[in-house]
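Right, one structure below, let's go through it.
Throughout, a chain's letter reflects where its sequence line sits, starting with A, and its residues are numbered from 1.
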Amino acid sequence: MSPAARRDEFSDLERILADLRSPDPTSALRTRILAAVRTEMATGRSRPAPASPWAFAAAVAAGILLCVNLSMSAANHAAPFTPAARDGEARTRAEERLRAILPSLDAQEARCRAVLLLAAEDLVPAPMLQPKPLSPEREPWESH
Amino acid sequence: MTPGPDDALLAGLAAGDEGAFAALYDRYGAALFRVAHALLGSREEAEDAVQDVFLDLVRSRASLARVRDLRAYVFASLRHAAARRRRRPFPATADLDGISSGGEAAPSVDERGRLARAMRALPPSQREVLALHIEGEMTFAEIGAALGISINTAASRYRYALEKLRAALEGGSR
């Protein structure tokens, strides 16, 4: 069906509906509404404009930047080797002690192990969790 | 960008200018009332709904500067105001006495009653589109903007509503 035919199809009904229009407001309504507006403006406060999506995006971006900044700052201050490991004297002492205990270590290996030993000194000790021993009993679903 | 016909009015409303609210009433008040009357079926409820629209405008005037289409905005606001009031049931005897019917195609009293019953039975989404098109004299594009639906959806809701009204009229005349 063409749009024109569709329009004709309901034209009679639309004419009836147009004739059945709702009433016009009374003149008192204008006075009443403007008085209510005046009262509301005098007593009420305007609601603040809702934050725009851009403001929200800017807040999220600022949060991410702050996190990145703090992470980088923390990373820069956490050296991979502790001061003790960088201290040549301490390293030499540790190296000598290692070679005294294990004379078979060559110089390079002893230096490497001394550095690792000193680096581990400042690590936070982690609890050693003992794995639960396996039960010798078989589970019901293992019976087949 | 050329300024729209409502731009000056919007600026006045946003600034809290009482004259702008009066101008808004003069421009859209009657249409708002008629649409509210068609949606709520009662003169008192319709008057209260229109007042709610104006009070909402006063309270949210800080954000009016961002409104692009004032006509769509006020009719969307009316829709919400009517929905808040529509929680009460549509009156069983709609306020038909105030409805004018003096045109050439003036329906009989029986037809008016049947039409009123059929309009009460319409789903709210179809009744809204019908009221905005007939009473608010809005195009489907304007209705789409006010209700947040596409032009095609507005047009098809209107058509479904008319089909139901016509069926109600024809059913009674057999």
In terms of heavy-atom proximity below 4.5 Å to chain B, should A:Leu13 be classed as side chain, backbone, both, or neither?
-> side chain
Nearest 0.5 Å, what's the CE-CD distance between A:Met41 and B:Glu18?
-> 5.0 Å
Could you grab the distance from atom CG of A:Leu34 to atom CZ of B:Phe21, nearest 0.5 Å is fine?
-> 9.5 Å
Side chain, backbone, both or neither: which part of B:Val50 has a non-hydrogen atom closer than 4.5 Å to chain A?
-> both
Check the hydrophobic clustering (I, L, V, M, F, W, Y; side-chain heavy atoms under 4.5 Å; chains of links allowed) and say if B:Ile149 and B:Phe75 are grouped together.
-> yes
In terms of hydrophobic clustering (I, L, V, M, F, W, Y; side-chain heavy atoms under 4.5 Å; direct or indirect links), are B:Tyr160 and B:Val129 co-clustered?
-> no
Co-membership, hydrophobic cluster, residues A:Ile101 and A:Leu105, 4.5 Å side-chain = yes
Heavy atoms, side chains only, cut-off 4.5 Å: are B:Val53 and A:Ile33 in contact?
-> no
Counting heavy-atom pairs under 4.5 angstrom with chain A, the leader among B:Leu64, B:Val35, B:Asp48, B:Leu32 is B:Asp48
Give, for atom CD1 of A:Ile16 and atom CG of B:Leu165, the distance between the pair rounded to the nearest 0.5 Å.
-> 10.0 Å
Hydrophobic cluster identity match, A:Leu98 and A:Val115, side-chain contacts under 4.5 Å = no
Would you check if A:Arg32 and B:Phe54 make a side-chain contact, meaning some heavy-atom pair closer than 4.5 Å?
-> no
If you round to the nearest 0.5 Å, how far is CZ of B:Phe33 from CG of A:Leu29?
-> 7.0 Å
Chain A shares the most heavy-atom pairs under 4.5 Å, among B:Gln51, B:His133, B:Glu137, with B:Gln51
Contact summary for A:Leu17 and B:Ile134, nearest pair of heavy atoms = O-CG2, 3.8 Å
Smallest heavy-atom separation, A:Pro23 atom then B:Arg43 atom, equals CB-NH2, 3.3 Å
In this structure, which one of B:Leu55, B:Asp56, B:Leu57 forms a side-chain contact (heavy atoms from CB on, under 4.5 Å) with A:Glu40?
-> B:Leu55
Start with the C-alpha distance between A:Arg30 and B:Asp26, add both sets of side-chain angles, then the distance that settles side-chain contact (heavy atoms from CB on, under 4.5 Å), and finish with yes or no.
-> CA-CA 8 Å; A:Arg30 185 181 193 275; B:Asp26 293 339; 2.8 Å; yes
Is the shortest distance from a Lys or Arg side-chain nitrogen in A:Asp12 or B:Arg166 to a carboxylate oxygen in the other one below 4.0 Å?
-> no
What residues, two or more places apart in sequence or in another chain, satisfy ring-ring contact (aromatic ring centres under 6.0 Å, His included) together with B:Tyr28?
-> none
Honestly curious: do B:Leu132 and B:Ile151 fall in one hydrophobic cluster under the side-chain, below-4.5 Å linking rule?
-> yes
